[in-house]
Structures are given as structure tokens and as C-alpha cells.
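Positions are given from 1 along the sequence. All values derive from a computational prediction rather than experimental measurement.
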Amino acid sequence: MNIKKSWVLFFLLLIILIAIVVAKTFTYPFTQVEKEVPVITNIPAGSTVSSKSLQRFAGGIRIPTVSSVEYSETRFEPFDRFKSYLTESYPEVFRTMDTLTINKYGIVLHWKGKDSSAKPILFLSHYDVVPVADYDPQTITGDSTAIVFRPEDTPLPPVDTIQTSWTYPPFSGAVADGRLYGRGSLDMKCMLFSMMEAADALIAEGYQPAQDIWFAFGHDEEVGGREGACKIAQYFKEQNLSFDAVYDEGGIIAAPGSALKDVTHPLALVGLGEKGFLTLRIKVNGLGGHSSMPPAKSSLVYAAEIIEKLNNNQMQARLIPPVESFLGKVGNYMSFPARAAIANQWLLKPVLMSTLTKSPASNALVRTTTAITMAKGSDAPNVITTQAEITVNFRILQGETVDDVIAHVTKLCEGYQVEIENVSAREPSSLSPEDSRGFQAIRNAMGKIYPEAIVSAYITIGGTDAYKYQIVSDHIYRFMPLYLNQEEQRLIHNDNEYIKIETFGKMITYFKDIMVNY
């Protein structure tokens with residue numbers, strides 16, 4: 001009888017527990033997509049972006065502003081040409097705004113507003129691009145004001161068949177089937193030119209902003225921004241400038257299913273911060289000699305053991321505020337088990353974290369990631385080296401530091417003869433607030449242009465110039481209004497990079513809205 005009562009009590013408690021989980025799941029305040037503001041009906045589409053706007057954008061793509069890791073090795077002639085081209089292409093912008101250059105190639109524009117006492121806002125971009133494999137930008141000598149238009153009767157290959165080669169030369173600025181092709185069309189001359197087009201159009205309408213607006217265009221973001229953004233930010237600091245909001249690249253508008261397969265709405269991912277990074281070189285010592293008489297374990301075997309330890313003992317997974325906010329936004333569109341795990345973290349948090357860490361994309365949002373990127377042993381097949389090397393790259397989540405990661409690695413290497421060298425490092429950025437005018441301006445603009453999109457806070461995985469501007473603002477938002485499907489997302493830094501002209505038109509509208517309604 002006692003056993004029977006115990007089982008009855010057990011099942012009763014189980015039913016109560018299930019009822020609590022279900023009730024919390026259905027009452028959890030997941031965000032609904034709301035149309036808080038009127039939808040803009042005159043959005044420029046591919047057919048209505050003016051030829052002049054396309055001409056100016058394509059001309060900028062045709063200038064091969066490729067930055068080099070070694071700054072002194074950069075070919076600066078195209079950067080000189082780009083600066084001149086921008087001035088010639090937007091004479092009214094440069095006539096209306098105060099302009100200056102920082103460190104010769106950093107471009108700064110100041111658009112004075114009606115109220116100089118109001119805190120200004122700042123728009124960032126960069127005009128350097130990554131190299132193109134097996135392509136020498138010095139061969140580009142054509143007219144930078146020309147657009148290459150594809151004949152309409154020439155068939156265009158499907159998107160999924162053209163990702164490993166260029167349909168048109170990478171610095172051609174070719175326009176074909178509603179797309180503009182070229183290196184930098186996505187990352188990120190599209191942002192620079194859509195800002196310039198927005199400002200130019202507003203100036204033509206006689207508009208003057210309410211508060212001062214600044215623009216800062218760096219020239220070495222792809223290789224760290226030390227000579228561009230760093231020095232521009234320092235200039236602002238010296239001028240005692242403090243910005244109410246700073247807007248830079250980071251998140252995008254991910255097409256339905258391209259970020260999370262269960263979410264049937266576009267996701268506008270606004271980075272409130274970005275992860276830090278640390279690259280360590282671990283030198284592992286051991287016995288060397290001839291390969292005909294190998295020791296039980298060589299330095300390379302020890303290195304392999306350390307690699308396994310690093311891979312199997314990664315930093316603890318955690319939820320930080322932007323990711324918690326993100327889950328609250330997207331949870332309503334996910335399966336019931338996923339919603340239940342989000343809504344009942346008091347009970348199911350281990351299940352939630354286990355699910356998030358299984359996917360590389362979501363795993364990067366919840367932990368400091370470990371990537372073994374390089375390993376080196378002997379230079380000869382019959383020599384056992386006395387010292388092997390491992391290179392490890394960490395992307396550091398907010399709440400942990402460079403020192404925390406080094407301590408973690410040092411502990412895992414206990415018992416081995418190692419030398420740990422810090423090759424390069426940067427702490428995670430601070431996190432900007434979601435309840436701010438700067439974030440709300442993004443939400444309002446997106447509600448007009450992409451009303452079906454879920455606008456969510458996020459954490460940016462890669463590095464941006466925005467990090468350098470923490471010295472002049474606490475409200476930094478990393479978001480580029482680029483609507484991209486999964487295939488198009490892979491074109492960033494890849495072959496056959498292109499942007500849809502309709503997307504470019506909507507970017508112009510987006511920046512106009514921020515400038516007018518901030």
C-alpha cells in the first residue's frame with residue numbers, strides 16, 4: 001500500500017510539474033511582430049533606384065581599395081583615387097558639410113544640425129576591401145565612372161552555381177539582372193554609398209537635421225582599423241565629442257530560415273556588442289631525434305594531447321543579456337519543446353544550453369569559442385622535433401576576459417612542458433542598452449521598410465570598427481540593413497560578391513529614415 005501511495009504521489013507531482021511547465025510556456029512574454037509605425041509605400045526597388053545612384057555606387061566598386069595586413073605594403077593610389085571620386089560624385093554633400101581627413105585616408109564629414117547643443121549621432125563605414133584570390137588589383141585601369149551592363153539576352157547562371165568564381169571581374173561594378181557585382185558590394189561600400197545617397201537626397205530636398213550628424217569612413221577596417229578608426233575615434237575624443245548613438249556594420253537582416261530554420265520571419269539582428277578575441281601560440285617541448293628511434297611520446301604527440309584537451313574542455317556556456325533578449329524575440333516562432341526550454345530555464349536550462357551548443361552558429365553566441373587553427377611539427381619527414389607548436393584562436397564572450405582564457409589554457413597544459421605566447425588579443429566590447437533612442441530608431445525604420453521582420457538584440461561574432469568608438473559613446477549599434485538569404489550571406493569575402501539593387505534602394509531609405517526621425 002505504501003509503495004502504491006508513493007507511485008500515486010510521484011505521478012501527481014509529475015503532472016503538477018508538467019502543468020507548470022506548460023503554463024509558463026504559454027504565458028511567457030515572447031515578443032510578437034508588431035507594426036508600430038506606418039509602412040513606407042514608396043521604397044526604392046530595383047527598378048526605381050536612379051541610374052545616377054547606381055553609377056556612383058558602381059564607380060566606387062571599380063576602385064580596388066584593397067588593404068594590407070602590413071600597412072606599409074598597402075597600395076595607396078586607389079585610396080587617393082577613391083577620396084577624389086567621392087568628392088566629385090557628391091559635390092552637394094561636400095559643399096554642405098564640413099570635411100576633414102584623419103591620417104590622410106580617414107574621411108570625416110560633419111553635417112551641422114539646427115540644435116548644436118543636442119548630442120550628435122555618428123554613422124560609420126569603411127571603404128577598404130579584402131583581396132581577391134589570384135587577382136591583381138593593379139591591373140585595374142579602366143574608367144571608374146562607367147557601369148558594365150550585362151546584355152539582357154545573356155543568361156545568368158543560378159546563384160548556387162556561381163559561388164566559386166566570378167561571373168564578372170571583381171572590380172567591374174557590373175549590373176546584371178537586378179544585381180550589382182564586385183568586391184565590396186556587400187562588405188561594405190554598400191553602406192557607405194547608401195549613407196551618401198541618403199544624405200545627398202535630403203540635402204537636395206533642403207533638409208537640415210535636428211542635431212549634428214557625423215560620418216566617419218575608415219580605410220583599414222579589414223586589417224584591424226589601427227590607422228583609420230582608431231585615429232578618427234581619438235580625434236573625436238580630443239574634440240570632447242560624445243555621441244548619442246553610433247551606427248556601424250555588424251548584424252544583417254537574415255531571410256526566413258537562414259539564421260534559425262524554425263523562424264519564418266526575417267531576423268534583423270542588431271549587435272549590442274562584439275566578442276573579444278585572443279590568439280595563443282603554444283610551444284610544446286619534448287624529446288627530439290631521428291624518426292627511426294622515436295620516443296614513446298614526441299613533442300607533436302604531446303601537442304596532439306593538448307589539442308584534444310582544449311577541444312574537449314571548452315569555456316562554460318552562458319546566456320548574456322543580448323542573447324536572452326534574442327531568445328525572447330524568436331522563441332514564439334520555434335517548436336514547443338524549444339519554447340518550453342526558454343520559458344522554463346529554472347528547470348530546463350541544461351536542456352536549452354545543450355541544444356544551443358550543438359550548432360556552431362548558436363554555440364558562438366553562448367560561450368567563448370576555441371578554434372585550433374594551426375599546428376606545426378618537424379620540417380622533415382624523418383626528424384622528430386624537440387618543439388611542436390599549436391595556434392589557437394578564442395572568441396571571448398562578454399563576462400570573461402583575456403586573462404580568464406589564458407588561465408584556462410594554462411590549467412589544461414599542466415603536466416606538459418609548454419611556453420604560452422599571446423600573439424594578439426582584445427577584450428570583449430561593452431554592451432549597449434536596448435532601451436535607448438538609438439535602438440528604437442532602428443526598430444522604427446525597420447517597422448516601415450521590413451514590417452514583417454523581427455528586430456532583435458544580438459551579439460556580433462566578428463570584429464568591427466565600432467569597438468574603437470567606445471571612448472566617445474555608450475550607445476553603439478552594429479547593424480547593416482542588408483536583406484540576405486543563406487547563399488548570399490556566404491558571398492561576403494567570397495567569390496562573386498554582389499548586392500541586389502532593390503536591397504541597396506531599401507538601404508538608402510533606411511538611412512534617410514534614421515537621419516530624419518532620430
Give me the ring orientation class for Phe79 and Tyr127: parallel if the planes are under 30° apart, tilted from 30 to 60°, perpendicular past 60°. tilted

In terms of relative ring orientation, are Tyr302 and Tyr416 parallel, tilted or perpendicular, with 30° and 60° separating the classes? perpendicular

Consider side chain to side chain donor-acceptor pair (under 3.5 Å). Of Glu274, Glu249, Glu221, which one does Thr464 pass it with? Glu274

Neighbour count >12 (heavy atoms, 6.0 Å) for atom CD, Glu324: yes

Taking the side chain as every heavy atom from C-beta outward, state whether Thr460 and Tyr467 have any atom pair closer than 4.5 Å. no

Asn363 atom CG, neighbour heavy-atom count above 12 within 6.0 Å: yes

Lys283: salt bridge (charged side-chain N to carboxylate O under 4.0 Å, His left out) partners, not counting sequence neighbours: none

Could you tell me whether Arg226 atom CZ has more than 12 heavy atoms of other residues or ligands within 6.0 Å of it? no

Those residues that, when tested against Glu227, pass salt bridge (charged side-chain N to carboxylate O under 4.0 Å, His left out) (two or more places apart): Lys231

Take atom CD in Glu421; do more than 12 heavy atoms of anything else shown fall under 6.0 Å from it? yes

Could you point out which residue of Arg75, Arg183, Lys189 forms a side-chain contact (heavy atoms from CB on, under 4.5 Å) with Thr65? Lys189

Centre of Phe277's six-membered ring, under 6.0 Å away, within 45 degrees of the axis: is that where NZ or CZ of Arg426 sits? no

Assess the pair Phe243 and His475: is the distance between their ring centroids shorter than 6.0 Å? no

